[in-house]
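Everything on this sheet refers to the single structure shown next.
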Amino acid sequence: MSERLETLKKARERMTDDRDAFAKVLAAPFDRDKAERARVKFVETQTLIDAIDRAINGEQGRPAA
């Protein structure tokens, strides 16, 4: 596995952990300030995960150097 692909997979794992933390805040008893911030960060993080997934797919489709 290429170093680039390994780096992308590690980044995805870290962002998934962050997203899970925001999901826990959203699932907790409602606190408007915390929920609003967590919702925004959850969406931003999920967007980043989707972008990383596309990059991983692109790397897997590249011919080996």
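Computed from heavy atoms alone, side chains included, the values below leave out hydrogens, waters and symmetry copies. Numbering starts at 1 and runs along the sequence shown.
Remark: Asp20 engages Thr16 in a side-chain contact (heavy atoms from CB on, under 4.5 Å) (not counting sequence neighbours).
One distance of note links OG1 of Thr45 with CG of Asp17; it measures 11.0 Å at 0.5 Å rounding. Here the CZ atom belonging to Arg12 is positioned 6.0 Å from the CD1 atom belonging to Ile49, to the nearest 0.5 angstrom. Interatomic distance, CZ of Arg19 versus NZ of Lys24, reported as 12.0 Å (0.5 Å rounding). Note that the CD atom of Glu36 and the CG atom of Asp31 stand 9.5 Å from one another [nearest 0.5 Å].
For the residue pair Ala35 and Phe30, the shortest heavy atom distance occurs at CB-CE1, 3.7 Å. Contact between Arg39 and Leu26 at its shortest, heavy atoms only, is N-CD2, 3.8 Å.
A 4.5 Å side-chain heavy-atom check between Glu44 and Thr47 finds every atom pair outside the cut-off.
Both Leu8 and Leu48 belong to a single network of hydrophobic side chains, linked directly or stepwise wherever heavy atoms of I, L, V, M, F, W or Y lie under 4.5 Å apart. Under the 4.5 Å side-chain heavy-atom criterion for ILVMFWY residues, a single connected hydrophobic cluster contains both Leu5 and Met15.
Of the charged side-chain nitrogens involved, none lies within less than 4.0 Å of a carboxylate oxygen, so that Glu13 and Lys10 do not count as a salt-bridged pair.
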Quiz item: After noting the C-alpha distance and the side-chain angles of Lys9 and Glu6, does the key distance pass the salt bridge (charged side-chain N to carboxylate O under 4.0 Å, His left out) rule?
Solution: CA-CA 5 Å; Lys9 288 184 176 187; Glu6 186 66 31; over 6 Å; no

